[in-house]
Amino acid sequence: MPPEELQSRLFDLQDVGYREFHLRTCPQARNMIGVRVPEQRKLAKEIIRGDFWQFLDQIKPHYYEEVLITGIVIATAPMGLAERLDYTAWFVPQIGNWAVCDTFCASFKPKAKDLPQLWDFILQYRTGKKEYDLRFLFVMMLDHFLLPEYLPRIFTLLNEIKSDYHYVEMAKAWLVAELFTKFRNETLDYLQRDQLSVLAHNKAIQKARESLRVSSADKQLLSSMRL
């Protein structure tokens with residue numbers, strides 16, 4: 001599917017009511033046509049069944065949906081890890097909102113053998129100055145590295161990386177909350193000495209307390225740890 005055909009197909013699928021709703025939940029989104037995510041995933045799959053290499057070489061995404069579909073193609077098309085990471089490095093600077101970032105990260109399906117190389121790749125963003133460079137790093141950890149061998153490194157990065165960006169702090173809070181559901185004791189110890197911002201610390205506790213996977217006793221304990 002050539003990029004110009006994709007744009008035409010997107011406007012055929014436009015839902016103005018959905019666009020207005022989504023803009024309220026994702027205010028940083030720009031140039032949104034208004035196409036529901038399942039429809040975008042169908043278009044991405046259609047592109048992948050064709051010459052997706054040509055699509056990726058030609059696309060200059062402008063509309064929100066073009067950006068998102070390009071990300072899904074990069075994350076899911078059948079290609080080697082080296083090629084996927086090359087395209088990811090090109091794509092990350094184009095992320096401008098939490099929805100594209102989170103959908104892109106969740107679309108990856110890395111093999112266990114590829115995790116060390118993927119980890120090394122995402123670490124380049126730890127010194128990033130842009131909001132979505134940093135959110136990309138933390139959401140990739142959340143989606144793919146909640147594993148015992150990565151736990152100390154994740155806690156270290158959560159403390160070391162400082163940011164005033166709202167969506168970075170929310171990603172850190174979400175990550176800590178998920179860590180608590182999987183590694184209760186280690187994360188509880190971390191929360192007693194963490195170097196998170198007050199916002200991220202308290203939001204992490206709030207999100208963990210909202211989880212159905214956290215016991216009532218732990219919810220009470222977490223509540224006592226608010227700053």
Side-chain angles (χ1 to χ4, degrees), residues 26 28-30 44 52-53 55-57 59-61 64 66-179 182-183 186-187 190 194-197 199-200 204:
C26 189
Q28 289 181 319
R30 298 289 179 267
F52 65 85
W53 297 109
F55 172 84
L56 290 174
D57 287 342
I59 187 70
K60 295 180 174 60
Y64 166 87
E66 291 178 314
V67 177
L68 184 54
I69 289 170
T70 300
I72 294 171
V73 171
I74 291 169
T76 60
M79 64 176 78
L81 181 62
E83 291 91 347
R84 198 179 313 281
L85 297 183
D86 283 345
Y87 277 112
T88 297
W90 166 78
F91 181 76
V92 169
Q94 302 182 64
I95 299 173
N97 58 79
W98 68 262
V100 167
C101 180
D102 295 8
T103 303
F104 179 56
C105 293
S107 296
F108 279 77
K109 304 297 180 197
K111 298 176 182 177
K113 68 180 181 64
D114 291 334
L115 287 178
Q117 188 176 347
L118 182 59
W119 175 265
D120 289 342
F121 173 83
I122 68 172
L123 280 187
Q124 70 181 292
Y125 296 99
R126 71 187 184 278
T127 58
K129 303 301 181 185
K130 296 181 179 178
E131 184 169 17
Y132 289 100
D133 286 3
L134 293 172
R135 185 174 174 101
F136 169 75
L137 170 63
F138 287 116
V139 177
M140 286 295 284
M141 291 181 194
L142 170 68
D143 286 339
H144 307 295
F145 293 97
L146 298 189
L147 301 166
E149 58 268 36
Y150 289 97
L151 199 56
R153 285 175 274 181
I154 290 173
F155 286 144
T156 296
L157 289 167
L158 280 164
N159 282 341
E160 288 182 351
I161 297 173
K162 308 299 182 183
S163 170
D164 294 327
Y165 290 119
H166 175 77
Y167 288 105
V168 175
E169 294 300 283
M170 292 300 98
K172 293 171 78 171
W174 184 19
L175 173 56
V176 173
E178 285 297 307
L179 285 168
K182 290 180 176 291
F183 305 100
E186 295 89 342
T187 309
Y190 171 72
D194 71 70
Q195 299 172 36
L196 297 170
S197 67
L199 173 63

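Excluded from the calculations below are hydrogen atoms, water molecules and symmetry mates; all remaining heavy atoms, backbone and side chain alike, are included. Quick note: residue numbers are just sequence positions, from 1.
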> Would Y190 and V176 count as a side-chain contact (heavy atoms from CB on, under 4.5 Å) if you check the C-alpha gap in whole Å, the side-chain angles of each, and the deciding distance to 0.1 Å?
Replying inline: CA-CA 9 Å; Y190 171 72; V176 173; 4.2 Å; yes

>> Determine whether D133 and L137 satisfy the following criterion, side-chain contact (heavy atoms from CB on, under 4.5 Å), listing intermediate values before the conclusion.
In response: CA-CA 7 Å; D133 286 3; L137 170 63; over 6 Å; no

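Between A200 and L196 the shortest heavy-atom distance is CB-CB, 4.2 Å. Across A204 and A177, no two heavy atoms sit closer than the pair O-CB, 3.6 Å. The two atoms that bring S163 and E169 nearest to each other are O-OE2, 3.4 Å, heavy atoms only.
No more than 12 heavy atoms of other residues, nucleotides or ligands shown are found within 6.0 angstrom of CG on D164.
Contact check for L134 versus Y125: no side-chain heavy atoms found under the 4.5 Å cut-off. For the pair H144/F108, a side-chain contact is recorded, criterion being any heavy-atom separation below 4.5 Å from C-beta on. Looking at L118 and L85, their side chains come closer than 4.5 Å, going by heavy atoms from C-beta outward. Contact annotation: the side chain of V100 approaches that of N97 to within less than 4.5 Å [non-hydrogen atoms, C-beta and beyond]. When side chains are defined from C-beta on, L199 counts as touching M170, because their heavy atoms get closer than 4.5 Å. Residues E131 and Q28 are in side-chain contact: their nearest non-hydrogen atoms beyond the backbone lie under 4.5 Å apart.
Distance check: Y167 OH to C101 SG gives 12.0 Å after rounding to the nearest 0.5 Å. Summarising the geometry, atom NZ belonging to K60 is positioned 11.5 Å from atom OG1 belonging to T70; distances are rounded to the nearest 0.5 Å. Distance check, rounded to the nearest 0.5 Å: CE of M140 to CZ of F145 gives 6.0 Å. The line from CD of Q117 to CD1 of I122 is 12.5 Å long, rounded to the nearest 0.5 Å. The distance from atom CD1 of I161 to atom NZ of K172, rounded to the nearest 0.5 Å, is 7.0 Å. The distance from atom CZ of F104 to atom OH of Y132, rounded to the nearest 0.5 Å, is 15.0 Å.
Among residues at least two apart or in separate chains, side-chain hydrogen bond (donor to acceptor under 3.5 Å, both in side chains) pairs with a member in residues 85-95 are D57-Y87.
Between C105 and the choices I95, L142, V139, the side chain to side chain contact (heavy atoms under 4.5 Å, CB included) rule is met once, by V139.
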May I have the list of side-chain donor-acceptor pairs in residues 71-83 shorter than 3.5 Å, sequence neighbours left out?
| from | atom 1 | to | atom 2 | distance (Å) |
| --- | --- | --- | --- | --- |
| T76 | OG1 | I72 | O | 2.6 |
| E83 | OE1 | G80 | N | 3.3 |

Distance-only donor-acceptor pairs under 3.5 Å for side chains of residues 147-158, two or more places apart:
| from | atom 1 | to | atom 2 | distance (Å) |
| --- | --- | --- | --- | --- |
| R153 | NH2 | E149 | O | 3.1 |
| T156 | OG1 | P152 | O | 3.0 |

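In terms of modelled atom types and a separation under 3.5 Å, the side chain of D143 and the main chain of A106 share a donor-acceptor contact. At least one donor-acceptor pair closer than 3.5 Å links the side chain of K162 to the backbone N or O of N159.
Ring-plane geometry between F121 and F136 is classed as perpendicular, the angle between the planes exceeding 60 degrees on a 0 to 90 degree scale with a lower cut at 30.
The existence of a salt bridge linking D102 and R135 is confirmed by a sub-4.0 Å separation between a basic side-chain nitrogen and an acidic carboxylate oxygen.
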